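Scroll down for the structure; my scribbles are underneath it.
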Amino acid sequence: MSMLKVMAAAVAAFGVLAGSAVADTYPSRPITLVVPFSAGGPTDTVSRLVAEAMGKDLGQQIVIENVGGAGGTLGAGRVAKSDPDGYTLLLHHIGMATSVPLYRKLPYDTLNAFEYVGLVTEVPMTIVGRGSLEPTDLKSLIDYVKTNKDTVTYANAGVGSASHLCGLLFMSRLETPLTTVPYKGAGPAMTDLVGGQVDFICDQTTNTTSQIRAGKIKAYAATVKERLASLPDIPTAAEAGLPDFNLTVWHGMYAPKGTSPEIVAKLTAALQKALKDPNVVKRFADLGTTPSTEAEATPDALKAKLVSEIERWTPVIKAAGVYAD
Ligand code: MLT
């Protein structure tokens, strides 16, 4: 065997050794988890609970970095171009799929820019209004919106966000386009809703439950087939007169493409453990959601979900003819 071949084999063996040696000591410093929406919102709430539990298991702090804007695509783009060393991760939701048809010039190739760690949770949504909004039930909200379509304001977390998608479905069902007020996240949108600056939003229970319980906002319906144990007084959309209006927001964790399989496997194992953590389970239930199962918190399950959701939403968004750029 030529000297060159021997050296090439040695270098390759060293690479693998180095890779697994690195994986053995991973993580040796704090990890950054990018949340592509503002602090205090639904995705931030889920991320902080999971990060704390995963950090305990991995023996290193997981620090949240909020990179809001463009419906979550700015934060996703930040991670797509990060070093694949396991120290920069992303927790994003259904927006990862809807941004594919919505943004014709995405700064990354969604299906090829990331490694998949696993699914995290699937959060129901609620249609809610500012506390002083006149309508007291969904039917009268729909009439109110149609009558005042030139003045009613609908808040969302940017084109491609879950609140944007739910709003799009609601407006197309009512055949009534409305004035939308975009934010960098549902966190600041909720602050303005409670303050009465905007009229209504369809938002995740992880962001609305505490405000609904405190009586600070009006709740009209939950976008699920069965009532939520955490909000038993809130009717389903079907019960409230809007049949087949079901939408839940799945969330997944990603790493930059090229992150080693050993490191991804460690992250997946830590995620699975975190989703069984009693505090995470209790907090999720209190916020109207449940952790993904062990089978769902896997790379294959997340990839399959992303692929099927891109296929599901592309025709819907194309039919609506709304694009972010
Ligand atoms: C957020 O955390 O702000 C959201 O997930 C917003 C959204 O997608 O509606």
Side-chain angles (χ1 to χ4, degrees), residues 35-46 66 68-75 92-95 98-99 102 123-136 138 140-142 144-174 176-223 231 234 237 240 242 245 247-249 287-288 317 320 322 324:
V35 173
F37 296 101
S38 312
T43 305
D44 186 65
T45 300
V46 164
N66 299 89
T73 60
L74 287 188
H92 197 2
H93 61 33
I94 193 171
T98 56
S99 56
L102 277 166
V123 185
M125 302 193 84
T126 44
I127 299 172
V128 294
R130 59 179 162 81
S132 54
L133 199 64
E134 234 171 89
T136 53
L138 188 63
S140 52
L141 175 72
I142 290 172
Y144 179 87
V145 159
K146 286 183 174 176
T147 313
N148 303 284
K149 63 181 181 346
D150 300 328
T151 53
V152 164
T153 53
Y154 176 82
N156 70 38
V159 176
S161 65
S163 44
H164 169 257
L165 180 65
C166 188
L168 196 65
L169 298 175
F170 188 71
M171 291 175 211
S172 44
R173 179 71 76 87
L174 274 57
T176 307
L178 299 170
T179 305
T180 58
V181 183
Y183 294 80
K184 285 196 171 181
M190 183 55 70
T191 306
D192 276 6
L193 188 78
V194 170
Q197 273 89 50
V198 283
D199 294 322
F200 78 114
I201 188 172
C202 174
D203 189 12
Q204 297 160 68
T205 57
T206 39
N207 202 35
T208 60
T209 299
S210 58
Q211 305 295 353
I212 293 170
R213 287 186 182 149
K216 291 191 179 153
I217 57 176
K218 280 203 173 106
Y220 297 104
T223 63
L231 292 168
I234 313 300
L242 196 62
F245 196 82
L247 184 62
T248 49
V249 183
L287 295 169
I317 286 164
V322 286

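For clarity, every value in this text was computed on a predicted model and none was experimentally measured.
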Between K149 and L174, is any pair of side-chain heavy atoms under 4.5 Å apart?
-> no
Nearest 0.5 Å, what's the CD1-CG distance between I317 and L165?
-> 6.0 Å
Would you call R173 and I142 a side-chain contact if the rule is heavy atoms closer than 4.5 Å?
-> no
From CA spacing to verdict: side chain to side chain contact (heavy atoms under 4.5 Å, CB included), N156, I201 | CA-CA 7 Å; N156 70 38; I201 188 172; 5.5 Å; no
Please name the pair of heavy atoms, one in A155 and one in V198, separated by the smallest distance, quoted to 0.1 Å.
-> CB-CG2, 4.0 Å
Please walk me through it: do Q211 and L193 pass side chain to side chain contact (heavy atoms under 4.5 Å, CB included)?
-> CA-CA 10 Å; Q211 305 295 353; L193 188 78; over 6 Å; no
Taking S163 for its side chain and A157 for its backbone only, find out whether a donor-acceptor pair lies under 3.5 Å.
-> yes
CG of L141 to CG of L133: how many Å apart, nearest 0.5 Å?
-> 6.5 Å
Nearest 0.5 Å please: distance from the CG atom of L168 over to the OG atom of S161.
-> 10.0 Å
To the nearest 0.5 Å, tell me how far T136 OG1 sits from K218 NZ.
-> 7.0 Å
Nearest atoms (heavy-atom pairs only) where A219 meets V128 = CA-CG1, 4.0 Å
Going through the distances and angles, do Q204 and T45 end up as a side chain to side chain contact (heavy atoms under 4.5 Å, CB included)?
-> CA-CA 11 Å; Q204 297 160 68; T45 300; over 6 Å; no
Report yes if some heavy atom in the side chain of Y183 is under 4.5 Å from a heavy atom in the side chain of S38; otherwise report no.
-> no
Exam field: side chain Y154 to backbone C202, donor-acceptor pair closer than 3.5 Å = yes
Heavy-atom nearest pair, I94 first then A162, reads CG2-CB, 4.1 Å
Tell me, do Y220 and S140 make a side-chain contact under 4.5 Å, heavy atoms counted?
-> no
Spacing of L231 atom CG and T209 atom OG1 [to the nearest 0.5 Å] | 4.5 Å
Rounded to the nearest 0.5 angstrom, the OG1-CG distance for T151 and L178 is 9.5 Å
Are T179 and V152 side-chain neighbours, meaning at least one heavy-atom pair lies under 4.5 Å?
-> no
How far apart are the C-alpha atoms of K184 and N66, what are their side-chain angles, what is the distance that settles it, and do they pass the side chain to side chain contact (heavy atoms under 4.5 Å, CB included) test?
-> CA-CA 10 Å; K184 285 196 171 181; N66 299 89; over 6 Å; no
Of all heavy-atom pairs linking A186 and N207, the shortest is O-ND2, 3.1 Å
Results of side-chain hydrogen bond (donor to acceptor under 3.5 Å, both in side chains) for T208 - residues two or more places apart only = T126
Aromatic centroids of F200 and Y144 separated by under 6.0 Å = no
Side-chain heavy atoms of I212 within contact of T205, under 4.5 Å | no
Take atom CD in Q197; do more than 12 heavy atoms of anything else shown fall under 6.0 Å from it?
-> yes
Closest non-hydrogen contact found for L138 with A221 is CD2-CB, 4.1 Å
With side chains defined as the heavy atoms from C-beta onward, is the minimum distance between H93 and V46 less than 4.5 Å?
-> no
How would you list all residue pairs meeting salt bridge (Lys or Arg N to Asp or Glu O under 4.0 Å) that involve residues 185-210, not counting sequence neighbours?
-> R130-D199
Tightest non-hydrogen contact, residues A70 and T73, listed as O-OG1, 2.8 Å
